[in-house]
Amino acid sequence: MASLPAGACCMEGYAHHGEPAGTLTKYTDFDVYVAKPSVATDKAIVYLTDIFGMPFTNHKLIADNFAQQGFLTVVPNLFYDDHVPFPRPDNFKLFPDWVQRHQPEHTEPIIEKTFEFVKKEFPAITKYFSVGYCYGAKYVVRLLDEGKLNAGYIAHPSFVTEEELRTIKGPLSIAAAETDSIFPEDKRHQSEAILKEIGATYNIVLYSSVEHGFAVRGDLSNEVVTWTQETAFWQAVQWFTRFSK
């Protein structure tokens with residue numbers, strides 16, 4: 001594995017306060033959150049969430065922020081009504097049942113339909129990007145393998161296999177936490193070695209004094225966490241802007 005399966009740290013964090021500005025719509029049989037920029041754009045981000053899914057307010061607020069930077073941002077509900085509730089109930093178990101219900105054969109058809117939705121509803125879009133947090137990171141890597149993206153960005157990834165990382169065909173940016181039992185130092189170095197070996201276009205940014213999940217659900221009362229979440233967001237924006245030209 002280039003990053004390990006999800007664990008207890010993937011189910012911890014803080015809910016952020018704010019009123020989402022986007023709209024909720026249904027496409028085929030699943031919900032999609034759409035955040036539109038205020039000006040016309042040819043750039044879209046398919047936003048792939050962690051296990052708390054699209055209903056988690058934090059994701060909608062981040063999607064709104066991407067829209068403010070000129071990217072149409074679409075967040076599919078990857079889990080239908082089976083996202084992990086936030087806060088997580090004490091008796092909730094991630095393994096094995098929940099994980100077995102959300103394997104690639106379950107998730108990838110939703111992502112495929114999301115691209116179909118964007119192409120149908122927003123024909124001006126010609127440049128596609130994707131962000132993936134924790135669970136969603138695996139699918140950004142798989143999309144890069146399929147050549148569907150101009151560039152991808154992942155933060156504190158989980159479930160990514162070495163084989164998936166080794167076959168990417170597009171630029172990849174990674175935001176990593178100093179303390180992360182799912183993407184620890186040895187897996188980070190292994191990922192770097194693989195990307196170098198295959199001649200990928202990539203960057204890896206390591207953020208000190210934060211833990212797994214910091215880019216989405218960190219404690220914003222902590223100045224260090226706030227700064228790193230904001231900086232990790234701008235890492236994605238700058239990466240996508242580079243490959244928008």
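Atom set for the values below is all heavy atoms of this structure, side chains included, hydrogens, waters and symmetry mates excluded.
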Asker: Restricting to non-hydrogen atoms, name the atom on Asp82 and the atom on Trp98 that form the minimum distance, rounded to 0.1 Å.
Answerer: O-NE1, 2.6 Å
Asker: Heavy atoms, side chains only, cut-off 4.5 Å: are Leu78 and Ile111 in contact?
Answerer: yes
Asker: With a 3.5 Å distance limit and no angle check, can you tell me whether Lys60 reaches the backbone of Pro20 through a side-chain donor-acceptor pair?
Answerer: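 Absent.
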Asker: Could you check if a side-chain atom of Leu48 sits within less than 4.5 angstrom of a side-chain atom of Thr107, using non-hydrogen atoms only?
Answerer: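 Side-chain contact under 4.5 Å: no.
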Asker: Run the numbers on Thr167 and Leu144 for side-chain contact (heavy atoms from CB on, under 4.5 Å), then give the verdict.
Answerer: CA-CA 8 Å; Thr167 55; Leu144 285 169; over 6 Å; no
Asker: Using 4.0 Å as the upper bound for N to carboxylate O, is an ion pair formed by Arg217 and Asp50?
Answerer: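 Salt bridge: yes.
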Asker: Let me confirm one number: the CD1-CD1 distance from Ile168 to Ile198, rounded to the nearest 0.5 Å.
Answerer: 4.5 Å
Asker: Test your reading of the model: is there a side-chain donor-acceptor pair from Gln68 to the backbone of Ser38, 3.5 Å cut-off?
Answerer: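 Answer holds: no.
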Asker: Evaluate the criterion side-chain contact (heavy atoms from CB on, under 4.5 Å) for residue pair Thr41 and Lys127; output intermediate values, then yes/no.
Answerer: CA-CA 9 Å; Thr41 185; Lys127 301 180 180 70; over 6 Å; no
Asker: Looking at Pro55 and Asn77, what are the two nearest heavy atoms and their distance?
Answerer: CD-OD1, 4.1 Å
Asker: At their closest point, which heavy atom of Thr25 faces which heavy atom of Phe117, and how far apart are they?
Answerer: CG2-CZ, 4.0 Å
Asker: Parallel, tilted or perpendicular, judged at 30° and 60°: which one describes the rings of Phe56 and His59?
Answerer: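 Plane angle over 60°, so perpendicular.
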Asker: So, the side chain of Ser173 versus the backbone of Ala236: is there a donor-acceptor pair under 3.5 Å, distance only?
Answerer: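 It does not hold such a pair.
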Asker: Same cluster or not: Val46 versus Leu61, using hydrophobic residues (I, L, V, M, F, W, Y) connected whenever any side-chain heavy atoms lie under 4.5 Å apart?
Answerer: no
Asker: Taking side chain as C-beta onward, heavy atoms only, is Leu172 less than 4.5 Å from Leu165?
Answerer: yes
Asker: When you check the gap from the basic side-chain N to the acidic O, do Asp29 and Lys113 get nearer than 4.0 Å?
Answerer: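 Lys113 and Asp29: salt-bridged.
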Asker: Can you check side-chain contact (heavy atoms from CB on, under 4.5 Å) on Tyr139 and Ser130, steps first, answer last?
Answerer: CA-CA 9 Å; Tyr139 296 94; Ser130 187; over 6 Å; no
Asker: Tell me whether Asn58 contacts the main-chain N or O of Val216 through its side chain, where contact means a donor paired with an acceptor under 3.5 Å.
Answerer: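 Side chain of Asn58 to backbone of Val216, a donor-acceptor pair under 3.5 Å: yes, one is there.
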Asker: Is the closest side-chain heavy-atom distance between Tyr47 and Tyr33 below 4.5 Å?
Answerer: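 No, too far: nothing below the 4.5 Å cut-off.
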Asker: Flag yes if Leu206 and Val225 sit in one hydrophobic cluster, no otherwise; membership is Ile, Leu, Val, Met, Phe, Trp, Tyr, and two members link when side-chain heavy atoms are under 4.5 Å apart.
Answerer: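 Unlinked, Leu206 and Val225 end up in two clusters.
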Asker: His189 side chain to Asp186 main-chain N or O, any donor-acceptor pair under 3.5 Å?
Answerer: no
Asker: Just wondering, more than 12 heavy atoms not from Lys196 lying within 6.0 Å of its NZ?
Answerer: no
Asker: Look only at the side chain of Lys169 and the backbone of Asp145, and say whether a donor-acceptor pair between them is shorter than 3.5 Å.
Answerer: yes
Asker: Could you grab the distance from atom CG of Asn222 to atom CZ of Phe214, nearest 0.5 Å is fine?
Answerer: 12.5 Å
Asker: How long is the span from the CD atom in Glu230 to the CD atom in Gln235, to the nearest 0.5 Å?
Answerer: 14.0 Å
Asker: Which atoms form the tightest heavy-atom contact between Pro76 and Thr114, and what is the distance?
Answerer: CB-OG1, 3.2 Å
Asker: Identify the heavy atoms of Ala137 and Ser158 that sit nearest to each other, and give their distance.
Answerer: CB-N, 4.4 Å
Asker: Do Leu24 and Phe30 land in one hydrophobic cluster if side-chain heavy atoms of ILVMFWY residues count as linked below 4.5 Å?
Answerer: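 Looking at the clustering, Phe30 is in the same group as Leu24.
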Asker: Same cluster or not: Phe233 versus Val205, using hydrophobic residues (I, L, V, M, F, W, Y) connected whenever any side-chain heavy atoms lie under 4.5 Å apart?
Answerer: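 Cluster IDs for Phe233 and Val205 differ.
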Asker: Sequence neighbours left out, what passes side chain to side chain contact (heavy atoms under 4.5 Å, CB included) with Arg242? Give chain and number order.
Answerer: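 If we apply the side chain to side chain contact (heavy atoms under 4.5 Å, CB included) test to Arg242, skipping adjacent residues, the hits are Thr201, Trp239.
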Asker: Drop me the distance from Tyr207's OH to His156's NE2, to the nearest 0.5 angstrom.
Answerer: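 Here the interatomic distance stands at 10.5 Å.
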Asker: Could you tell me whether Glu162 and Arg166 make a salt bridge, using a distance below 4.0 angstrom between a side-chain N and a carboxylate O?
Answerer: yes
Asker: Write down the atom of Ala67, the atom of Ala35, and the distance for their closest heavy-atom approach.
Answerer: CB-O, 3.6 Å
Asker: For the pair Gln69 and Thr241, evaluate side-chain contact (heavy atoms from CB on, under 4.5 Å) and give the outcome as yes or no after the intermediate values.
Answerer: CA-CA 10 Å; Gln69 300 307 314; Thr241 300; over 6 Å; no
Asker: Check the hydrophobic clustering (I, L, V, M, F, W, Y; side-chain heavy atoms under 4.5 Å; chains of links allowed) and say if Val210 and Val131 are grouped together.
Answerer: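 Cluster IDs for Val210 and Val131 differ.
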Asker: Can you find a heavy atom in the side chain of Leu149 that is under 4.5 Å from one in the side chain of Val140?
Answerer: yes
Asker: Any donor-acceptor pair under 3.5 Å linking the side chain of Thr226 with the backbone of Leu220?
Answerer: yes
Asker: Determine yes or no for a side-chain-to-main-chain donor-acceptor pair under 3.5 angstrom, with Glu211 supplying the side chain and Thr179 the backbone.
Answerer: no
Asker: Compute the centroid of each ring, for Phe79 and then for Tyr135, and state whether the two points are separated by less than 6.0 Å.
Answerer: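 Judged by ring-centre distance (under 6.0 Å), Phe79 and Tyr135 do meet the cut-off.
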Asker: Do the ring planes of Tyr153 and Tyr133 sit parallel (below 30°), tilted (30 to 60°) or perpendicular (above 60°)?
Answerer: perpendicular
Asker: For residues Tyr80 and Ile110, determine if any side-chain heavy atom of one lies less than 4.5 Å from a side-chain heavy atom of the other.
Answerer: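 Counting from C-beta outward, Tyr80 and Ile110 do come under 4.5 Å.
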Asker: Have a look at Phe115 and tell me which of Tyr128, Phe122, Tyr27 forms a ring-ring contact (aromatic ring centres under 6.0 Å, His included) with it.
Answerer: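 Only one of Tyr128, Phe122, Tyr27 forms a ring-ring contact (aromatic ring centres under 6.0 Å, His included) with Phe115, namely Tyr128.
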Asker: To the nearest 0.5 Å, how far apart are CZ in Phe183 and NE2 in His212?
Answerer: 11.0 Å
Asker: Near Glu112 CD, under 6.0 Å, is it more than 12 heavy atoms from other residues, nucleotides or ligands?
Answerer: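 For Glu112, atom CD is not crowded (no more than 12 foreign heavy atoms under 6.0 Å).
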Asker: Do side-chain atoms of Asp64 reach the backbone of Ala21 as a donor and acceptor pair under 3.5 angstrom?
Answerer: yes
Asker: State the CG-CD distance between Leu94 and Gln100, to the nearest 0.5 angstrom.
Answerer: 11.0 Å
Asker: So do Lys138 and Pro104 actually touch side chain to side chain, heavy atoms under 4.5 Å?
Answerer: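 With C-beta onward as the side chain, the pair touches.
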Asker: Compare all side-chain heavy atoms of Lys187 with those of Val160 and state whether any distance is below 4.5 angstrom.
Answerer: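 No, every pair of side-chain atoms sits at 4.5 Å or beyond.
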